Amino acid sequence: MPQTRDTLLGSPALRQINISLHSFEDAQDVNILHAYLNEILDFLREAQANGTVYISLRLWNLQHTEDTSETHRNRELLRRLETFFALPMTIPARLTPGQGLRLAPKVFLSQDLEFNWPHGLTCDQGDRGFCRGLRDHIGILVDGTVVPCCLDAEGDIPLGNIHQQPLRDILDSDRARRMRDGFSRQQVIEDLCRRCTYRQRFS
């Protein structure tokens, strides 16, 4: 994050930055976890001073059954946020899964159930459902490939490339239109989307 901080906060077209707090789960070493959180808090400090972008902090690692180790790590992280923002209340007392909590001007926190990324061996979830991909958001990979959403991090559904085509033409391509029309009919067209559990939040 430090190497992109100035670019992000200096981009006038950027409205919101989403930060996945649950990425710390892979850190078994407590020092790695603290360094990870310190980078995020440093970024939040500069973003608040800059005041131009909204920050959405996401703690999307809740399980259907309580995981004691996960609960402990979440509480530690939330205590750090309480201290950083000098909050007059404890976050768990105010945080409702699936809803946002305002921590400071333009800074929000949300907590929700964990979802599986749809790549690899993820199970087919069926061909019925809806998604907001291509409706109010898209993803653009580092090489310029346009994909329906950020969950297509491997570019399984390439719709075009912004270095080669206008974005308007890419979003009006046959494949993009078939996806949008399919979701409007509760029909899931692409294989990657069939394996996506995140889209179930919109059903």
Side-chain angles (χ1 to χ4, degrees), residues 1-5 8-9 14-51 53-123 125 129 131-133 136-137 139 149-154 192 195-203:
M1 191 177 296
Q3 62 271 27
T4 59
R5 184 181 304 167
L8 289 172
L9 296 179
L14 189 63
R15 178 182 180 273
Q16 177 172 311
I17 298 172
N18 303 323
I19 300 176
S20 298
L21 297 178
H22 48 271
S23 297
F24 73 85
E25 292 169 349
D26 293 333
Q28 301 300 322
D29 186 334
V30 67
N31 294 320
I32 295 176
L33 171 58
H34 288 163
Y36 172 80
L37 293 178
N38 287 339
E39 283 191 11
I40 291 175
L41 296 178
D42 286 345
F43 182 83
L44 287 174
R45 191 174 290 108
E46 290 201 26
Q48 283 190 290
N50 183 284
V53 296
Y54 288 88
I55 304 293
S56 172
L57 302 173
R58 296 176 172 181
L59 188 56
W60 292 358
N61 63 353
L62 294 179
Q63 305 295 319
H64 291 283
T65 57
E66 185 174 9
D67 181 332
T68 304
S69 63
E70 204 60 72
T71 300
H72 175 74
R73 284 184 287 182
N74 282 359
R75 285 176 180 163
E76 181 180 351
L77 186 148
L78 295 177
R79 279 196 295 268
R80 292 283 303 276
L81 291 176
E82 289 167 4
T83 300
F84 179 82
F85 289 106
L87 299 178
M89 79 302 187
T90 61
I91 291 176
R94 297 281 303 277
L95 191 59
T96 301
Q99 299 182 12
L101 174 65
R102 182 179 180 270
L103 301 180
K106 295 190 175 182
V107 181
F108 297 85
L109 170 68
S110 64
Q111 191 171 34
D112 216 325
L113 290 170
E114 181 181 35
F115 65 90
N116 295 321
W117 287 73
H119 298 287
L121 302 177
T122 307
C123 296
Q125 305 296 316
C131 181
R132 304 201 65 83
D136 57 20
H137 68 270
C149 75
C150 65
L151 294 184
D152 188 7
E154 303 297 327
L192 183 74
R195 299 195 302 272
C196 180
T197 58
Y198 184 75
R199 67 176 170 82
Q200 295 171 342
R201 300 183 182 201
F202 304 119
S203 299

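Excluded from the calculations below are hydrogen atoms, water molecules and symmetry mates; all remaining heavy atoms, backbone and side chain alike, are included. Just so you know, these numbers come straight off a predicted model, no measurement behind them.
Minimum heavy-atom separation, S110 to G100: CB-CA, 4.4 Å. Shortest non-hydrogen contact noted between Q99 and L95 is O-CD1, 4.3 Å. Nearest heavy atoms, G129 versus R199: CA-NH1, 3.9 Å. Nearest heavy-atom pair, L8 versus L14, reported as atom, atom and distance to 0.1 Å: O-CD2, 3.4 Å.
In this structure, the side chains of R79 and P92 stay at 4.5 Å or more apart for every pair of heavy atoms. Q125 places none of its side-chain heavy atoms less than 4.5 Å from the side chain of R195. In this structure, the side chains of I55 and K106 stay at 4.5 Å or more apart for every pair of heavy atoms.
Atom CG in D112 sits 7.5 Å away from atom OH in Y198 (nearest 0.5 Å). To the nearest 0.5 angstrom, Q111 atom CD is 4.5 Å from L59 atom CG. Between C150 atom SG and H137 atom NE2 the span is 6.0 Å, to the nearest 0.5 Å. Atoms NE2 and CG, on H34 and L77 in that order, are 10.0 Å from each other to the nearest 0.5 Å. The CG atom of L21 lies 7.5 Å from the CG atom of L37; values are rounded to the nearest 0.5 Å. Between atom OG of residue S20 and atom CG of residue N61 there is a gap of 10.5 Å, rounded to the nearest 0.5 Å.
For P97, the side-chain contact (heavy atoms from CB on, under 4.5 Å) partners two or more places apart in sequence, or in a different chain, are L62. Residues that satisfy the side-chain contact (heavy atoms from CB on, under 4.5 Å) test with E46, not counting sequence neighbours, are R5, D6, L9. With sequence neighbours left out, the side-chain contact (heavy atoms from CB on, under 4.5 Å) criterion links Q48 to F84, F85, A104, V107. Every residue was checked against the side-chain hydrogen bond (donor to acceptor under 3.5 Å, both in side chains) condition with R102, not counting sequence neighbours, and none meets it. For R94, there are no salt bridge (Lys or Arg N to Asp or Glu O under 4.0 Å) partners at least two apart in sequence or on another chain. Looking at residues two or more places apart in sequence or on another chain, you find a side-chain contact (heavy atoms from CB on, under 4.5 Å) between N18 and Q16, S56, R58.
Exactly one of I40, L41, L101 qualifies for a side-chain contact (heavy atoms from CB on, under 4.5 Å) with L81. That residue is L41.
Under the 3.5 Å distance criterion, the side-chain polar atoms of H22 are matched with a main-chain donor or acceptor of W60.
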*asked:* Checking N38 against R80 for the side-chain hydrogen bond (donor to acceptor under 3.5 Å, both in side chains) test, could you report, in this order, the C-alpha distance in whole Å, the side-chain angles of both residues, the deciding distance, and whether it holds?
replied: CA-CA 10 Å; N38 287 339; R80 292 283 303 276; 2.6 Å; yes
